[in-house]
Every structure is written in structure tokens, then in C-alpha cells.
Number of protein chains: 2
Amino acid sequence: MHSMASIAPTSSLRVYDDLRESILAGQYLPGTRLRTAALAERLGTSRTPVREALVLLEGDGLVALEPRRGAVVRGFATEDLADLYEVRALLEPHAAARAATRMTPEARDRLAALCDLAEASTGLDRAAIADQIAWNEEFHATIIQAAGSARLSAALRGLAGIPRAFRTSFWLSPHQRAISLACHRELQVAIATGSPERAEATMRMHIVSARDYLIEVMREPRTA
Amino acid sequence: MHSMASIAPTSSLRVYDDLRESILAGQYLPGTRLRTAALAERLGTSRTPVREALVLLEGDGLVALEPRRGAVVRGFATEDLADLYEVRALLEPHAAARAATRMTPEARDRLAALCDLAEASTGLDRAAIADQIAWNEEFHATIIQAAGSARLSAALRGLAGIPRAFRTSFWLSPHQRAISLACHRELQVAIATGSPERAEATMRMHIVSARDYLIEVMREPRTA
DNA sequence: ACGTTCCACTTTGCGTGCAACTTCCGATCC
DNA sequence: GGATCGGAAGTTGCACGCAAAGTGGAACGT
């Protein structure tokens with residue numbers, strides 16, 4: 001009999017989760033040097049699990065790890081973001097197509113609920129946008145998981161995580177927000193009705209659209 | 001002035017390279033438990049860098065690492081291999097298209113040389129097939145690198161490595177061997193002449209064909 | 001003033017010890 | 001007889017120490 005009580009995760013994983021969350025939240029700005037001793041003290045462990053967590057974060061593309069030089073929070077240049085979205089545009093439509101024929105009813109319900117929540121929330125303040133970003137993350141994660149391909153998930157793991165600051169602009173632009181919500185709803189319906197092509201095409205459009213908007217925004221000198 | 005002498009790689013990376021090569025060569029069969037103490041002694045280091053190497057290998061999808069349970073060499077079930085090739089079929093054609101407009105002349109020459117070598121070698125013995133597999137790996141790696149997308153490379157890193165035993169059957173089948181060589185030559189020419197669509201279509205066909213053959217072979221009870 | 005050299009301080013990477021957990025095998029009980 | 005329990009052996013994960021490489025700055029020469 002397996003204990004249902006969540007087994008104590010190793011210290012390395014706790015540090016990993018904490019650091020990942022901090023980086024995504026923008027607490028460590030790109031370029032920041034992550035020194036093991038300071039982090040170990042800050043997180044209440046020794047340097048060993050911190051070091052291991054940094055290796056994991058490098059695998060996620062969140063930090064750059066040079067031998068003997070230490071770890072640095074990676075920056076996300078315009079070109080790099082374009083690259084990232086281009087790869088997402090290759091993978092996620094396929095994930096959506098697979099999800100359309102495999103998603104469990106519970107996940108389908110959750111997808112609909114996420115659409116409802118996002119459409120109902122019209123605020124522009126920090127908290128409302130943080131909600132939108134969280135819902136958006138869960139929406140995409142749900143689809144990827146429903147695709148039921150471990151390799152697909154693995155390939156996307158290094159692409160899902162970028163500091164949320166880069167995504168804020170989507171929800172400040174009324175046009176982009178409307179487009180995103182429409183895409184999500186269309187995706188939800190396509191998956192609910194089991195239409196792989198519709199889901200795939202919508203997801204491709206969704207990501208390519210986001211990519212171009214992001215590139216456009218970042219080309220401007222400074223807006224937010 | 002920087003020293004050109006290659007800086008001593010950290011012990012962790014040496015262990016990583018060694019283990020990765022051993023697993024790909026089939027020296028550790030799927031299901032083998034990788035115990036840190038034994039590996040450390042075998043490789044002449046302590047358990048710390050071995051542990052770090054195992055984390056890296058997990059990122060490559062070569063070992064499964066469960067907390068408090070240790071590391072196990074991952075198996076490659078038919079279904080998993082189909083998954084893997086499906087994702088490759090999404091990513092590598094795009095890499096080929098990009099490579100067609102970006103590859104350096106030196107890499108182009110190397111591609112042609114690899115085709116020449118592979119076409120000239122007609123043996124069926126172990127050594128000849130090992131050569132074919134090595135040339136094939138370098139061929140694909142050259143194209144992926146020429147694509148010039150760090151994110152694409154990262155997404156493919158977890159997909160490039162499967163034990164070479166799974167690839168042996170390709171080169172034992174005269175038909176598959178002929179198809180593969182033809183695809184590679186076609187890819188080389190498409191890239192040399194700067195035709196992205198041709199490169200992309202050929203690569204897609206190449207990978208999907210390989211996938212289906214692999215599935216077919218593995219469906220049989222036992223051949224090799 | 002600018003660049004170079006040297007030296008002290010900082011940080012990384014690795015080795016090792018120890019506690020906690022898993023695993024394995026034999027004894028025990030029904 | 002088969003399943004269960006218990007303890008010993010083995011393994012993992014973490015903490016800490018040390019040597020080596022890196023980093024920054026002051027002293028120095030041009």
C-alpha cells in the first residue's frame with residue numbers, strides 16, 4: 001500500500017521549485033549571479049542541493065551555468081523569444097490535436113472553467129493580470145498534459161518558462177486580450193467536440209499571433 | 001588573451017559524457033540500476049559529480065531518477081519510440097528548412113562528405129554499421145546546429161539520444177538503407193542549393209519513414 | 001591618465017562523513 | 001504454504017571542509 005501522504009520531496013526539489021518560481025516572478029532579474037552560498041543560507045539548506053537545483057534550472061533554460069564561473073539568470077532577448085515561440089508553434093499545435101481526442105472529461109471541464117474565469121475578469125490591475133497569466137499557464141499546461149506524450153512534454157519543458165513580465169503586455173492590450181480569450185475559447189470548444197484539426201489550427205494561430213505581437217512590442221524602445 | 005588550450009572540463013561533465021556514451025553504446029541495458037558509489041569508483045571520482053551527471057542524464061531522458069530510489073537506465077518501449085519520432089518529425093524538418101538558408105560552407109562540405117562516406121560503405125558487419133550510425137548522428141547534428149536556434153537545439157536534445165541498438169536494424173535492411181542514403185543525399189543537395197521547402201519536406205519524409213519502419217520492426221517478436 | 005601585474009578575497013567543484021530511507025532476506029504467524 | 005513482519009545491509013541525500021580557479025582592486029610602470 002502506498003501512502004497517500006505526499007512523500008517529503010528532496011531538498012533539491014524544494015530549492016528548485018523555489019528558485020524557479022522566483023525567477024519566473026521576476027524576483028531575480030536577468031544577469032543576476034546566483035551564488036550558491038547566499039542561496040543556501042537564504043533557503044535554509046547547504047550548498048549541495050542548491051547546486052543541484054541550478055543544474056535543473058539550466059535544463060529548463062532559466063539560468064546559464066558556466067563551469068567554474070557560476071550561474072547567471074538568463075536574459076531573454078527579442079531574437080531568443082522569437083526562437084522560443086517558433087518552436088512552441090511547432091509543438092503545441094500537435095499537442096492540441098492530440099488533446100482533442102484524448103482529454104479526460106475532468107480536464108475538459110477545467111478548460112471550460114478557465115475560459116469562463118478569464119472572460120469574466122476584466123481588470124487591468126496587477127492582481128487581475130497575474131490571474132490571467134496563471135490561468136493562461138494552466139490552460140496550456142492542461143492541453144500539453146492531455147496530449148499524453150512524455151516526449152512532447154519533455155521537449156516543451158524548456159520552453160514553457162519565461163519570466164512572467166514578458167507576458168504582461170498581452171493582457172494590457174485590449175486587442176491582444178480579446179484575441180487570446182477568443183483563441184482559448186475556440187480551443188476549448190474544438191477539444192470538447194473532439195476536432196483535432198480545429199484545435200491544431202487554432203493553437204498554431206494563437207501562438208504565431210502571440211509571437212508577432214511580442215516581437216512588435218519588444219521592438220519599441222520602452223513601454224512598460 | 002584567452003588561453004586556447006581547452007579548459008579542463010569539470011569532473012561532472014566528464015562523468016556525464018562517459019555515462020552517456022556507455023548508455024548509448026548499450027553498455028548499460030535498460031532497467032539497470034546506476035548506483036553512485038559503484039560508478040564513482042569505476043570512474044575514479046567521488047559520488048558528488050556522479051550524482052550531478054545523473055541529473056543531467058535525466059534531462060536527456062536517458063535515465064529515470066526517483067527521489068530516494070536512485071537512477072535506472074530508461075527503457076524504450078515501442079510506444080515511447082513512436083512518440084519520440086513523432087516529436088522529431090515536428091522539429092527536425094523545421095531545422096532542415098532553417099539550415100538550408102544558414103549553413104556555413106564548411107558544414108555544407110561536411111554534409112556532402114558524410115553522404116559520400118555512407119554511400120561508399122556497403123558492409124554489413126558490426127564495424128561498418130557502427131560507422132553508419134556515427135555518420136548518421138553527425139549528419140543530423142550538423143543540420144540541427146546549422147539551424148542556429150538554441151531553443152530548437154534544446155528541445156531536440158532530449159530526443160537525439162537513444163541506445164544505438166535501436167538504430168542498427170535500419171542499416172541491416174537493404175531497402176531502409178537505400179531510402180536513408182537517398183534522403184540524406186537529397187537533403188544535402190537541397191541545403192547546398194538553398195531550398196528550404198525541399199529540405200523540410202525531405203526531412204519530414206525521412207523521419208516519418210524511419211518511425212514507421214521502427215514500429216514495424218519492433219512489432220515482430222524478435223529479429224536481432 | 002591608462003594599462004598591467006600582483007595579491008588577497010571570494011566562489012566554485014569535489015571529497016567525505018553521517019543520518020534517513022529503502023531494500024532484501026530470513027523468521028514468524030496464520 | 002503463503003503472506004507478513006522485522007532487522008541488517010546497502011544506498012541515497014545532505015552538510016561541511018578543503019584545494020583550486022576566478023574576481024576585483026590596489027600598487028606599479030609607462
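Throughout, protein chains are lettered first and strands after them, A, B, ... in sequence-line order, and every chain is numbered starting at 1.
A/Arg33 contributes a side-chain N or O that, together with a main-chain N or O of A/Arg69, makes up a donor-acceptor pair within less than 3.5 Å. No donor-acceptor distance shorter than 3.5 angstrom exists from the side chain of B/Ser121 to the backbone of B/Ala118, with no hydrogens or angles considered. The backbone N or O of A/Met103 sits less than 3.5 Å from a side-chain atom of A/Arg108, completing a donor-acceptor pair.
Here C/dC24 presents its P atom at 9 Å from CZ of B/Arg69, a figure rounded to the nearest Å. The distance between atom CD of A/Glu66 and atom P of C/dG13, rounded to the nearest whole Å, is 11 Å. The separation between B/Leu54 atom CG and D/dC14 atom P is 14 Å, rounded to whole Å. Nucleotide D/dG24 holds its C1' atom 11 Å from the CZ atom of A/Arg33, rounded to whole Å. Put simply, CD on B/Glu52 is 17 Å from P on C/dT16, counting in whole angstrom units. Atom pair B/Leu34:CG and D/dT11:C1' shows a separation of 13 Å (rounding to whole Å applied). When the C1' atom of C/dT11 is taken as reference, atom CD of A/Glu41 falls 15 Å away, rounded to whole Å.
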May I have the step-by-step check of salt bridge (Lys or Arg N to Asp or Glu O under 4.0 Å) for B/Glu86 and A/Arg151, ending in yes or no? CA-CA 9 Å; B/Glu86 209 155 315; A/Arg151 297 290 176 172; over 6 Å; no

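Among the heavy atoms of the strands, none lies under 4.0 Å from B/Leu13.
At a cut-off of 3.5 Å, with distance as the only test, no side-chain donor of A/Glu92 or A/His206 sits close to an acceptor on the other residue.
When the nucleotides C/dG15, C/dT12, D/dC14 are ranked by their closest atom to the side chain of A/Pro49, D/dC14 comes out on top.
Under 4.0 angstrom from either OP1 or OP2 of C/dC14 there lies at least one side-chain N or O belonging to B/Ser12.
In this structure, the side chains of A/Gln132 and A/Phe170 stay at 4.5 Å or more apart for every pair of heavy atoms. Looking at heavy atoms from C-beta onward, B/Ile144 lies out of side-chain contact with B/Leu152 at the 4.5 angstrom threshold. Using a 4.5 Å heavy-atom cutoff, the side chains of A/Arg157 and A/Asp60 are in contact.
Between A/His184 and A/His140, the ring planes lie perpendicular to each other; the angle is over 60°, past the 30° to 60° tilted range.
The only member of B/Asp18, B/Val63, B/Leu29 that meets side chain to side chain contact (heavy atoms under 4.5 Å, CB included) when paired with B/Ile23 is B/Val63.
Between A/Asp83 and B/Gly148, the closest heavy-atom pair is OD2-O, 4.2 Å.
Listed by residue number, there are no residues of residues 56-65 of chain B with a heavy-atom contact under 4.0 Å to DNA chain D.
In the helix from C/dA1-D/dT30 to C/dC30-D/dG1, the rotation axis of the first five pairs and that of the last five pairs differ in direction by 20°, rounded to 10 degrees.
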Might you list the N or O atoms of the protein lying below 3.5 Å from N or O atoms in nucleotides 16-21 of chain D, with each pair's distance?
| unit_1 | atom_1 | unit_2 | atom_2 | d |
| --- | --- | --- | --- | --- |
| D/dC16 | N4 | A/Thr48 | OG1 | 3.0 |

